[in-house]
There are 2 protein chains.
Amino acid sequence: MSDQLHPGYEPESPCHYRRALEVVSSKWTVLVFYELEKGSKRYSELRKQIEGVTKKMLTQTLRQLERDGLVRRTVYPTVPPTVDYALTPLGLTLIEPMRMLHRWTEAHYDSVLQSRRAYDNEPAPEDAAEPDLAAEPD
Amino acid sequence: MSDQLHPGYEPESPCHYRRALEVVSSKWTVLVFYELEKGSKRYSELRKQIEGVTKKMLTQTLRQLERDGLVRRTVYPTVPPTVDYALTPLGLTLIEPMRMLHRWTEAHYDSVLQSRRAYDNEPAPEDAAEPDLAAEPD
DNA sequence: CAGAATCCGTGATGATACTG
DNA sequence: CAGTATCATCACGGATTCTG
(Lines give C-alpha, C1' and ligand atoms only; values in the text may rest on other atoms or scores of the structure.)
Protein backbone atom coordinates (compact mmCIF):
# COMPACT_ATOMS: atom_id res chain seq x y z
CA MET A 1 0.00 0.00 0.00
CA SER A 2 2.85 2.25 -0.74
CA ASP A 3 1.22 3.87 -3.69
CA GLN A 4 -1.36 6.48 -3.09
CA LEU A 5 -3.24 7.66 -6.10
CA HIS A 6 -3.59 11.23 -5.02
CA PRO A 7 -0.60 13.08 -3.69
CA GLY A 8 -1.12 15.22 -0.69
CA TYR A 9 -1.15 18.69 -2.09
CA GLU A 10 -3.80 19.62 0.35
CA PRO A 11 -5.95 17.79 2.83
CA GLU A 12 -9.00 18.66 0.82
CA SER A 13 -9.25 20.60 -2.36
CA PRO A 14 -10.82 23.95 -1.76
CA CYS A 15 -12.49 24.10 -5.10
CA HIS A 16 -15.39 21.91 -6.06
CA TYR A 17 -14.13 21.65 -9.58
CA ARG A 18 -11.00 20.12 -8.29
CA ARG A 19 -12.77 17.89 -5.85
CA ALA A 20 -14.72 16.29 -8.62
CA LEU A 21 -11.61 15.62 -10.61
CA GLU A 22 -9.94 14.38 -7.50
CA VAL A 23 -12.45 11.57 -7.56
CA VAL A 24 -12.62 10.89 -11.25
CA SER A 25 -9.52 12.04 -13.00
CA SER A 26 -7.23 9.11 -12.57
CA LYS A 27 -6.09 7.50 -15.73
CA TRP A 28 -8.02 4.29 -15.32
CA THR A 29 -10.91 5.44 -13.19
CA VAL A 30 -13.05 6.53 -16.08
CA LEU A 31 -12.48 3.30 -17.91
CA VAL A 32 -13.39 1.22 -14.89
CA PHE A 33 -16.45 3.35 -14.53
CA TYR A 34 -17.30 2.88 -18.15
CA GLU A 35 -17.22 -0.87 -17.73
CA LEU A 36 -19.12 -1.04 -14.48
CA GLU A 37 -21.78 1.18 -15.93
CA LYS A 38 -22.96 -1.83 -17.85
CA GLY A 39 -23.24 -3.98 -14.78
CA SER A 40 -21.17 -5.69 -12.16
CA LYS A 41 -18.04 -7.45 -13.29
CA ARG A 42 -15.34 -9.67 -11.94
CA TYR A 43 -11.77 -8.64 -11.55
CA SER A 44 -10.58 -10.72 -14.45
CA GLU A 45 -13.42 -9.43 -16.57
CA LEU A 46 -12.31 -5.89 -15.99
CA ARG A 47 -8.77 -6.79 -16.81
CA LYS A 48 -9.85 -8.19 -20.12
CA GLN A 49 -12.12 -5.31 -21.03
CA ILE A 50 -9.75 -2.54 -20.06
CA GLU A 51 -6.89 -3.08 -22.41
CA GLY A 52 -3.47 -2.22 -21.15
CA VAL A 53 -4.23 -2.02 -17.47
CA THR A 54 -1.94 -3.88 -15.14
CA LYS A 55 -3.13 -5.79 -12.13
CA LYS A 56 -1.53 -3.27 -9.90
CA MET A 57 -3.22 -0.27 -11.42
CA LEU A 58 -6.57 -2.00 -11.69
CA THR A 59 -6.49 -2.99 -8.07
CA GLN A 60 -5.33 0.43 -7.05
CA THR A 61 -8.06 2.12 -9.03
CA LEU A 62 -10.73 -0.19 -7.70
CA ARG A 63 -9.54 0.29 -4.16
CA GLN A 64 -9.77 4.00 -4.50
CA LEU A 65 -13.24 3.81 -5.94
CA GLU A 66 -14.24 1.50 -3.16
CA ARG A 67 -12.78 3.83 -0.61
CA ASP A 68 -14.70 6.72 -2.10
CA GLY A 69 -17.88 4.70 -1.89
CA LEU A 70 -18.43 4.60 -5.63
CA VAL A 71 -17.78 0.91 -6.09
CA ARG A 72 -18.62 -2.04 -3.95
CA ARG A 73 -16.34 -5.01 -3.75
CA THR A 74 -17.81 -8.40 -3.02
CA VAL A 75 -15.65 -11.40 -2.23
CA TYR A 76 -17.08 -14.86 -2.68
CA PRO A 77 -15.22 -17.47 -0.64
CA THR A 78 -14.82 -19.90 -3.48
CA VAL A 79 -11.74 -22.01 -3.85
CA PRO A 80 -10.33 -19.88 -6.57
CA PRO A 81 -11.23 -16.49 -5.20
CA THR A 82 -14.04 -14.70 -6.93
CA VAL A 83 -14.37 -10.96 -6.54
CA ASP A 84 -17.17 -8.96 -7.93
CA TYR A 85 -17.25 -5.22 -8.48
CA ALA A 86 -20.30 -3.05 -8.93
CA LEU A 87 -21.24 0.58 -8.79
CA THR A 88 -22.89 1.72 -5.62
CA PRO A 89 -25.90 4.04 -5.62
CA LEU A 90 -23.48 6.86 -5.04
CA GLY A 91 -21.43 5.69 -7.95
CA LEU A 92 -24.48 5.67 -10.16
CA THR A 93 -25.05 9.34 -9.50
CA LEU A 94 -21.76 10.06 -11.17
CA ILE A 95 -22.82 8.54 -14.43
CA GLU A 96 -24.82 11.54 -15.50
CA PRO A 97 -22.06 14.11 -15.11
CA MET A 98 -19.67 11.80 -16.84
CA ARG A 99 -22.05 11.33 -19.70
CA MET A 100 -22.07 15.07 -20.10
CA LEU A 101 -18.36 15.09 -20.58
CA HIS A 102 -18.72 12.17 -22.89
CA ARG A 103 -21.18 14.02 -25.08
CA TRP A 104 -19.12 17.15 -25.04
CA THR A 105 -16.22 15.20 -26.41
CA GLU A 106 -18.31 13.60 -29.09
CA ALA A 107 -19.49 17.03 -30.12
CA HIS A 108 -16.30 19.04 -29.87
CA TYR A 109 -13.29 16.81 -29.88
CA ASP A 110 -12.82 17.35 -33.59
CA SER A 111 -12.56 21.04 -32.97
CA VAL A 112 -9.96 20.43 -30.34
CA LEU A 113 -7.88 18.27 -32.63
CA GLN A 114 -8.22 20.80 -35.41
CA SER A 115 -7.14 23.57 -33.12
CA ARG A 116 -4.15 21.57 -32.02
CA ARG A 117 -3.02 21.00 -35.55
CA ALA A 118 -3.42 24.65 -36.39
CA TYR A 119 -1.50 25.63 -33.31
CA ASP A 120 1.31 23.26 -34.02
CA ASN A 121 1.77 24.68 -37.49
CA GLU A 122 2.40 28.18 -36.26
CA PRO A 123 6.07 28.13 -35.39
CA ALA A 124 6.61 31.09 -33.09
CA PRO A 125 4.69 34.33 -33.12
CA GLU A 126 7.64 36.43 -32.10
CA ASP A 127 6.76 39.30 -34.34
CA ALA A 128 3.07 39.72 -34.96
CA ALA A 129 3.34 42.08 -37.87
CA GLU A 130 1.55 40.28 -40.65
CA PRO A 131 0.16 36.81 -40.66
CA ASP A 132 2.37 34.65 -42.78
CA LEU A 133 0.35 32.07 -44.63
CA ALA A 134 3.32 30.22 -46.03
CA ALA A 135 3.63 27.92 -43.08
CA GLU A 136 4.14 24.70 -44.93
CA PRO A 137 4.25 23.88 -48.63
CA ASP A 138 1.93 21.47 -50.30
CA MET B 1 9.37 11.10 -27.84
CA SER B 2 7.26 14.09 -28.72
CA ASP B 3 5.03 14.25 -25.74
CA GLN B 4 3.59 17.31 -24.19
CA LEU B 5 1.41 17.25 -21.18
CA HIS B 6 -0.31 13.99 -21.84
CA PRO B 7 1.47 10.68 -21.74
CA GLY B 8 1.26 8.71 -24.90
CA TYR B 9 -0.71 5.70 -23.96
CA GLU B 10 -2.16 5.86 -27.40
CA PRO B 11 -2.02 8.42 -30.18
CA GLU B 12 -5.57 9.39 -29.38
CA SER B 13 -7.66 8.07 -26.59
CA PRO B 14 -10.16 5.60 -27.93
CA CYS B 15 -12.70 6.34 -25.28
CA HIS B 16 -14.60 9.58 -25.18
CA TYR B 17 -14.55 9.54 -21.45
CA ARG B 18 -10.84 9.64 -21.52
CA ARG B 19 -10.71 12.20 -24.27
CA ALA B 20 -12.68 14.59 -22.18
CA LEU B 21 -10.38 14.17 -19.26
CA GLU B 22 -7.46 14.49 -21.56
CA VAL B 23 -8.59 18.03 -22.14
CA VAL B 24 -9.69 18.96 -18.68
CA SER B 25 -8.04 16.84 -16.09
CA SER B 26 -4.81 18.67 -15.53
CA LYS B 27 -4.32 19.94 -12.06
CA TRP B 28 -4.59 23.61 -12.86
CA THR B 29 -6.80 23.49 -15.91
CA VAL B 30 -10.01 23.49 -13.96
CA LEU B 31 -8.89 26.36 -11.82
CA VAL B 32 -7.91 28.44 -14.79
CA PHE B 33 -11.24 27.63 -16.29
CA TYR B 34 -12.99 28.60 -13.14
CA GLU B 35 -11.37 32.01 -13.24
CA LEU B 36 -11.88 32.69 -16.92
CA GLU B 37 -15.48 31.74 -16.59
CA LYS B 38 -16.02 35.10 -14.93
CA GLY B 39 -14.42 36.98 -17.77
CA SER B 40 -11.10 37.61 -19.42
CA LYS B 41 -8.12 38.12 -17.21
CA ARG B 42 -4.48 38.98 -17.45
CA TYR B 43 -1.65 36.70 -16.66
CA SER B 44 -0.82 38.37 -13.40
CA GLU B 45 -4.48 38.38 -12.45
CA LEU B 46 -4.66 34.65 -12.90
CA ARG B 47 -1.53 34.18 -10.88
CA LYS B 48 -3.02 36.08 -8.02
CA GLN B 49 -6.37 34.34 -8.12
CA ILE B 50 -5.03 30.84 -8.46
CA GLU B 51 -3.13 30.36 -5.28
CA GLY B 52 -0.10 28.18 -5.39
CA VAL B 53 0.40 28.07 -9.12
CA THR B 54 3.85 28.78 -10.42
CA LYS B 55 4.53 30.83 -13.50
CA LYS B 56 5.72 27.76 -15.25
CA MET B 57 2.60 25.73 -14.59
CA LEU B 58 0.28 28.60 -15.31
CA THR B 59 1.92 29.26 -18.63
CA GLN B 60 1.97 25.61 -19.46
CA THR B 61 -1.69 25.22 -18.62
CA LEU B 62 -2.69 28.29 -20.57
CA ARG B 63 -0.66 27.18 -23.55
CA GLN B 64 -2.37 23.86 -23.58
CA LEU B 65 -5.77 25.44 -23.35
CA GLU B 66 -4.84 27.78 -26.13
CA ARG B 67 -3.63 24.92 -28.23
CA ASP B 68 -6.87 23.08 -27.66
CA GLY B 69 -8.79 26.13 -28.75
CA LEU B 70 -10.46 26.66 -25.41
CA VAL B 71 -8.67 29.85 -24.49
CA ARG B 72 -7.60 32.80 -26.57
CA ARG B 73 -4.43 34.62 -25.80
CA THR B 74 -4.15 38.28 -26.73
CA VAL B 75 -0.90 40.19 -26.54
CA TYR B 76 -0.96 43.95 -26.35
CA PRO B 77 2.31 45.52 -27.47
CA THR B 78 2.62 47.80 -24.49
CA VAL B 79 5.97 48.60 -22.98
CA PRO B 80 5.47 46.31 -20.06
CA PRO B 81 3.86 43.40 -21.90
CA THR B 82 0.17 42.93 -21.32
CA VAL B 83 -1.37 39.58 -22.09
CA ASP B 84 -5.03 38.86 -21.85
CA TYR B 85 -6.69 35.47 -21.63
CA ALA B 86 -10.30 34.65 -22.36
CA LEU B 87 -12.42 31.63 -23.07
CA THR B 88 -13.23 31.01 -26.69
CA PRO B 89 -16.70 30.03 -27.85
CA LEU B 90 -15.49 26.46 -27.80
CA GLY B 91 -14.24 26.95 -24.30
CA LEU B 92 -17.61 28.27 -23.24
CA THR B 93 -19.26 25.05 -24.31
CA LEU B 94 -17.24 23.25 -21.70
CA ILE B 95 -18.66 25.26 -18.86
CA GLU B 96 -21.88 23.33 -18.74
CA PRO B 97 -20.33 19.87 -18.36
CA MET B 98 -17.97 21.22 -15.78
CA ARG B 99 -20.80 22.75 -13.84
CA MET B 100 -22.35 19.31 -13.73
CA LEU B 101 -19.29 17.94 -12.04
CA HIS B 102 -19.25 20.94 -9.80
CA ARG B 103 -22.80 20.30 -8.67
CA TRP B 104 -22.19 16.62 -8.24
CA THR B 105 -19.39 17.42 -5.85
CA GLU B 106 -21.49 19.88 -3.93
CA ALA B 107 -24.15 17.25 -3.57
CA HIS B 108 -22.08 14.15 -2.90
CA TYR B 109 -18.65 15.08 -1.72
CA ASP B 110 -19.66 14.64 1.87
CA SER B 111 -20.63 11.09 1.14
CA VAL B 112 -17.27 10.50 -0.42
CA LEU B 113 -15.44 11.86 2.57
CA GLN B 114 -17.60 9.85 4.89
CA SER B 115 -16.94 6.72 2.91
CA ARG B 116 -13.25 7.37 3.03
CA ARG B 117 -13.22 7.71 6.75
CA ALA B 118 -15.22 4.54 7.16
CA TYR B 119 -12.91 2.71 4.83
CA ASP B 120 -9.81 3.91 6.60
CA ASN B 121 -11.12 2.68 9.91
CA GLU B 122 -11.50 -0.89 8.76
CA PRO B 123 -8.00 -2.27 9.18
CA ALA B 124 -7.93 -5.37 7.04
CA PRO B 125 -10.93 -7.48 6.15
CA GLU B 126 -9.01 -10.71 6.06
CA ASP B 127 -11.78 -12.74 7.56
CA ALA B 128 -15.19 -11.62 6.46
CA ALA B 129 -17.26 -13.72 8.77
CA GLU B 130 -19.51 -11.25 10.49
CA PRO B 131 -19.42 -7.51 10.33
CA ASP B 132 -17.81 -6.30 13.48
CA LEU B 133 -19.22 -2.99 14.53
CA ALA B 134 -16.70 -2.39 17.27
CA ALA B 135 -14.09 -0.93 15.02
CA GLU B 136 -12.82 1.79 17.24
CA PRO B 137 -14.33 3.61 20.19
CA ASP B 138 -14.76 7.32 20.30
C1' DC C 1 -8.19 -16.18 -9.64
C1' DA C 2 -7.21 -12.01 -7.27
C1' DG C 3 -4.24 -9.82 -5.31
C1' DA C 4 0.39 -8.12 -2.53
C1' DA C 5 5.16 -6.76 -2.56
C1' DT C 6 9.10 -5.01 -4.78
C1' DC C 7 12.13 -2.60 -7.95
C1' DC C 8 12.62 0.97 -11.10
C1' DG C 9 12.14 4.46 -15.16
C1' DT C 10 9.93 8.39 -16.58
C1' DG C 11 7.78 12.58 -16.53
C1' DA C 12 5.03 16.01 -14.35
C1' DT C 13 5.65 19.49 -11.02
C1' DG C 14 7.92 22.82 -8.05
C1' DA C 15 11.81 26.12 -7.06
C1' DT C 16 15.00 29.15 -8.76
C1' DA C 17 17.28 32.22 -11.87
C1' DC C 18 17.39 34.81 -16.13
C1' DT C 19 15.19 37.83 -20.06
C1' DG C 20 12.97 41.36 -23.11
C1' DC D 1 4.83 42.29 -16.75
C1' DA D 2 4.99 37.94 -18.87
C1' DG D 3 7.29 34.80 -19.67
C1' DT D 4 11.69 31.13 -20.63
C1' DA D 5 15.37 27.95 -19.08
C1' DT D 6 17.44 24.78 -16.03
C1' DC D 7 17.63 21.72 -12.24
C1' DA D 8 15.89 18.50 -8.70
C1' DT D 9 12.33 15.59 -6.80
C1' DC D 10 9.10 12.26 -6.28
C1' DA D 11 4.95 10.07 -7.09
C1' DC D 12 2.73 7.69 -11.04
C1' DG D 13 2.60 3.85 -13.37
C1' DG D 14 4.78 -0.41 -15.56
C1' DA D 15 7.06 -4.97 -15.11
C1' DT D 16 8.03 -8.71 -12.41
C1' DT D 17 7.70 -12.01 -8.73
C1' DC D 18 5.30 -14.30 -4.95
C1' DT D 19 1.02 -16.03 -2.52
C1' DG D 20 -3.34 -18.21 -0.67
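Lettering of chains follows the sequences in order, A, B, ..., and the numbering in each one begins at 1.
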Quiz item: What integer distance in Å separates A:Leu46:CG from C:dC1:P?
Solution: 14 Å

Exercise. Check whether any side-chain nitrogen or oxygen of B:Tyr85 sits under 4.0 Å from OP1 or OP2 of D:dC1, and answer yes or no.
Key: no

Quiz item: How far apart are the closest heavy atoms of B:Leu101 and A:Pro97, and which atoms are they?
Solution: CD2-CB, 3.8 Å

Exercise. Using a heavy-atom cut-off of under 4.0 Å over every strand shown, decide if A:Tyr76 touches base, sugar-phosphate, or nothing.
Key: nothing

Exercise. Verify the contact: side-chain N or O of A:Ser44 to OP1 or OP2 of C:dC1, cut-off strictly under 4.0 Å; return yes or no.
Key: no

Quiz prompt | Test: A:Lys38 cationic atom under 6.0 Å from A:Tyr34 six-membered ring centre, within 45° of axis | solution = yes

Quiz item: Taking CG from A:Leu62 and P from C:dG3, how many angstroms apart are they, rounded to a whole number?
Solution: 8 Å

Quiz item: Yes or no on side-chain hydrogen bond (donor to acceptor under 3.5 Å, both in side chains) for B:Thr59 and B:Tyr43, after CA distance, side-chain angles and deciding distance?
Solution: CA-CA 8 Å; B:Thr59 300; B:Tyr43 186 81; 2.8 Å; yes

Exercise. State whether A:Arg73 places a side-chain N or O below 4.0 Å from either non-bridging phosphate oxygen (OP1 or OP2) of C:dA2.
Key: no

Quiz item: A:Thr82 side chain: which of C:dA2, D:dA2, D:dG3 is closest?
Solution: C:dA2

Quiz item: What is the bend of the helix from C:dC1-D:dG20 to C:dG20-D:dC1 when you compare the axis at one end with the axis at the other, using five pairs each and rounding to 10°?
Solution: 40°

Exercise. Mind checking A:Arg47 for me? I need base, sugar-phosphate or nothing, with any heavy atom below 4.0 Å counting as a touch.
Key: nothing

Quiz item: B:Lys55 has a side chain; which of C:dT13, C:dC1, D:dG3 sits nearest to it?
Solution: D:dG3

Quiz item: Can you tell me how far CG of A:Leu31 sits from CE of A:Met57, rounded to the nearest 0.5 angstrom?
Solution: 11.5 Å

Exercise. Please tell me which of A:Pro81 and A:Thr54 maps to the more 5' nucleotide of DNA chain D, matching each residue to the nucleotide holding its nearest heavy atom.
Key: A:Thr54

Self-check item: Inter-residue atom distance A:Lys41.NZ - A:Leu87.CG, 0.5 Å rounding
Solution: 11.0 Å

Quiz prompt | Between C1' of C:dA15 and CG of B:Leu58, the distance in whole Å | solution = 16 Å

Practice problem: Check whether the side chains of B:Arg19 and A:Tyr109 place a donor and an acceptor atom closer than 3.5 Å, and report yes or no. | Solution: no

Practice problem: Quickly work out the A:Arg63 CZ to C:dA4 C1' distance and round it to whole Å. | Solution: 9 Å

Exercise. Please state whether the phosphate of C:dA2, meaning OP1 or OP2, lies under 4.0 angstrom from any side-chain nitrogen or oxygen of A:Arg42.
Key: yes

Quiz item: Out of D:dG13, D:dG3, C:dA2, which has the shortest distance to the side chain of A:Tyr43?
Solution: C:dA2

Quiz item: What closest approach, in Å, do A:Leu46 and A:Glu35 show between heavy atoms, and which atom pair accounts for it?
Solution: CD2-CB, 3.8 Å

Quiz item: With respect to the side chain of B:Val83, which nucleotide from D:dG13, C:dC1, D:dA2 is positioned closest?
Solution: D:dA2

Quiz item: Quick one: A:Gln60 CD to D:dC12 C1', roughly how many Å, whole number?
Solution: 8 Å

Practice problem: Would you mind reading off the distance between A:Asp84 atom CG and C:dA2 atom P, rounded to a whole angstrom? | Solution: 9 Å

Quiz item: Roughly how many Å is it from CE in A:Met57 to P in C:dA2, rounded to a whole number?
Solution: 19 Å

Exercise. Would you mind reading off the distance between B:Lys41 atom NZ and D:dA2 atom C1', rounded to a whole angstrom?
Key: 17 Å

Quiz item: Between B:Phe33 and B:Ile95, which heavy-atom pair has the shortest distance, and what is it?
Solution: CE2-CG1, 4.2 Å

Self-check item: Residue whose nearest DNA chain D nucleotide is more 5′ - B:Val75 or B:Lys56
Solution: B:Val75

